[in-house]
Amino acid sequence: MDIKNKILYDKLNERQRQAVFCTEGPLLILAGAGSGKTNVLIHRIAYLIQEKNIEPYNIMAVTFTNKAADEMKERLKGLVGHEAQQIWAATFHSSCVRILRRYIDRLGFNTNFSIYDADDQKTLMKRIFKEMPANTADLKERNVLRAISAYKDELISPSDALKYACGFAEKNNALLYEKYQSELRKNNALDFDDLINKCVELFEKNEDVLEFYQKRLKYIMVDEYQDTNTSQFRLIELLASSHKNLCVVGDDDQSIYRFRGANIENILSFEKIFKDTKVVRLEQNYRSTAAILDVANNVISNNVKRKEKKLWTDKKGGAKVKLKEFENGDQEASGILKEIASKAKKSSLNDFALLYRTNAQSRLFEEKCVNYGIPYRLVGGVNFYQRKEIKDILAYLKVISNSKDDIAVLRVINTPKRGIGETSLGKISSFASEFNINFYEACLNSWQIPSIGKTAYKIKSFTDFIEKARKELAKIDISDISDNIVYKNGDMDNFYNEAYKDTDIPDLLQSGDDKRVSDIINYILDEGGYRDYLMLEGDTQAQSRLENIKELISKAQMYKASLLDIFLEETSLIADVDTTDKSAQMLTLMTLHGAKGLEFEYVYMCGMEEELLPCTMSIASGDEADIEEERRLCYVGMTRAKKQLVLSYAKKRLINGGFDYKEVSRFIREIPPQLLDTDIKNELLHQGINRKKSVYIAGYNTNPYKQFNKSLPFGKEFIVKKSEKPDYKAGDMVRHIKFGEGEVLSITEGKKDYEIEVNFKKSGIKKMMAGFAKLEKM
DNA sequence: TCAAAGCGCGTTTTT
DNA sequence: CGCGCTTTGA
């Protein structure tokens, strides 16, 4: 083979090279965990450019997360140099936004559309609920939104949903879906799912647009292919249908987004859909020791729905996987963190990751980290862009950019307080719907709103404020938007750059006295009174809120005010502010989902308990497929570890102020005991530790610590002793500290305590444990 | 109109 | 336990 830069590919193994050199036609790369798939992808791109003379401009690499996209761009830069900037490497969502900003007018939207996040969706749905009380009685916004999202994942339109709905509930959901979509359109807004779906719609209805992108994107690669849903698949199928140079990389064992509509069929049946697909399996793991891989393989082999594969490594041996048991969640946190702290003395804290199933679990660890002085980096959790103050500022910017965005207008019209209350908002709202105009337009005509009175002046002061910003600062000119190029962090972002491929790019940062997005934010802080509002709220958080805004401002400094839209779109699609400087020595805390695609020397997986992993929902559903997804999640976590994996669980745990006995996770019981390094008796692991499950404490919504052990410092263990036989019996009247008087209905002897059923005069029948309830005989 | 106080409800996971 | 939502009272 005639290869210019042969050395580059010599480091790859045989299979990896196959994948890299196979450039034409459909290719499915089944890449096990740690098999170097990202490496293969970037080498494949390098090969296309350097050996096949493909223009970087003709290559698209789609990822699932911003993190992955950034990493890919970074590594490509190292491999192919500045040309890497021409490659279209982005997430599904940002790719779609980029396309829609140019062409969505074909679908009757304005190109300055807003993007609604989960919060905005909920707010919008709430408004719909108010408007349609008959259809929404005892429904929850969330559930309806989930149903809508499920429709969208499958590319089902509201009219189809309505057509095929059976039963009242489904019909109703479909109806709400229809309403929701029309509201979005009114607001000139799209939700996350729409970003994909509108793009598909655009391509299906506009052949010329599709052709334009097909011609440009001659080689398409999709990372984490197992996580694509039906609509994402359709999008890729459309783009690749003419040249068919589609390469997808995935691992069915790491599919962990089924809940979000990821269709595992996309990977299982890829070969059927794309004729003459070549399949390459990457099964050599370069990341973990055999000890770790053995454990992971044993767990995942319990899944029925999977492509059989044998992940292997030549790193023989390695430290056994550790299993640790703790009395409670608190001790688990201290125990694990102490161990990490002492181990980290010899290596770097950066080598450690602490993984958990739910974000809620992070709190305990955060507190302890603070106590012990362990620096940590929390990935995920409350998103920077979801914080109140940031959302407020962004909402102002959205209003300035797209005044049709009612949700944004409503968010800020009375923040800071302008004396425009619920009643007035209602009046504006009904005026708006009566004349079929947007909320903001109604505000502009506030003096015409019946019985609005003096509030009209207050409304005017708000619209004046917005209008001034639009005229003097943003200079909103929609035709301008696609004709600009953004500089981001000193790099040319490849937004719209296809149009500018051969032109000189002006350095916007140098161009003197232009207004910037940051100026608009300062205007909101100063003239809008937002700073005073924050300070007057006076809570301890005010300072940190201002800090957050400052961070936003520094980002906004890089954008010309006329590029407000682009600023907004970047901020709405970014999951986490990318200030994670890797140079600092920090322990990483994150969810199992967040860990996908990463690796660490030492991985600690905590909360390895039934009802946590697998989580309650997946157990309760009774659907084995849900359990399999949890098992894959467990597998993903385990395969992050390079050198050592430590699993831990707590025997009991405080949950929602209640107090649960936990059973060790079934996934741990799936590991052959000889593979584990543990003090715990292995028989127990085999049979499962048989404790009484999920004792519901005494009808309390309160923490037993608080009720009976106030004096105990936080963190001290609460010990349950087998309690004495109570001095009351069925039929007796008793008194409870909270519920007052009641009649004992029954007493049942349990393993550790007596379970008492009491009929309280005020609060009805409650079941409680005698040891906690502290009932007094009357 | 708004702040303070009370109630109920909860948990996957993310672009 | 906490959060967010609703009710309540000024």
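As a basis for the values below, the full set of heavy atoms in this structure was taken, side chains included, without hydrogen atoms, waters or symmetry mates. Here is how names work: the chains are called A, B, and so on, in the same order as the sequence lines, proteins then strands, and each is numbered from 1.
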Problem - Residues forming a side chain to side chain donor-acceptor pair (under 3.5 Å) with A/Gln121, sequence neighbours excluded - result: A/Tyr180, A/Asp191
Exercise for the section: Answer yes or no: does a side-chain N or O of A/Ser94 lie under 4.0 Å from OP1 or OP2 of B/dT15? Expected result: no
Handout entry: A/Arg260: salt bridge (charged side-chain N to carboxylate O under 4.0 Å, His left out) partners, not counting sequence neighbours
Key = none
Handout entry: Phosphate OP1/OP2 of B/dT14 contacted by A/Lys67 side-chain N/O (<4.0 Å)
Key = no
Got a list of protein N/O to nucleotides 3-6 of chain C N/O distances below 3.5 Å?
unit_1 : atom_1 : unit_2   : atom_2 : d
C/dC5  : OP1    : A/Lys126 : NZ     : 3.0

Handout entry: Any residue meeting side-chain contact (heavy atoms from CB on, under 4.5 Å) with A/Arg142, in chain and number order, not counting sequence neighbours
Key = A/Arg146
Problem - Nearest to side-chain heavy atoms of A/Lys417, which nucleotide of B/dT11, B/dT14, B/dC2 - result: B/dC2
Problem - Counterpart residues, salt bridge (charged side-chain N to carboxylate O under 4.0 Å, His left out), relative to A/Arg234 (two or more places apart) - result: A/Glu204, A/Glu237
Problem - Results of side-chain contact (heavy atoms from CB on, under 4.5 Å) for A/Ala641 - residues two or more places apart only - result: A/Ile292, A/Val603, A/Leu645
Problem - Residues which pass salt bridge (charged side-chain N to carboxylate O under 4.0 Å, His left out) with A/Asp153, listed by chain and number, not counting sequence neighbours - result: none
Handout entry: Non-neighbouring partners of A/Asp405 that pass salt bridge (charged side-chain N to carboxylate O under 4.0 Å, His left out), sequence neighbours left out
Key = none
Problem - Near-parallel close stack of A/Phe259 and B/dT13 base (under 5.5 Å, under 30°) - result: yes
Exercise for the section: For the pair A/Lys391 and A/Asp120, find out whether any cationic side-chain nitrogen is under 4.0 Å from an anionic carboxylate oxygen. Expected result: yes
Using atom names, set out every protein N or O paired with an N or O of nucleotides 8-10 of chain C below 3.5 Å, distance rounded to 0.1 Å.
none

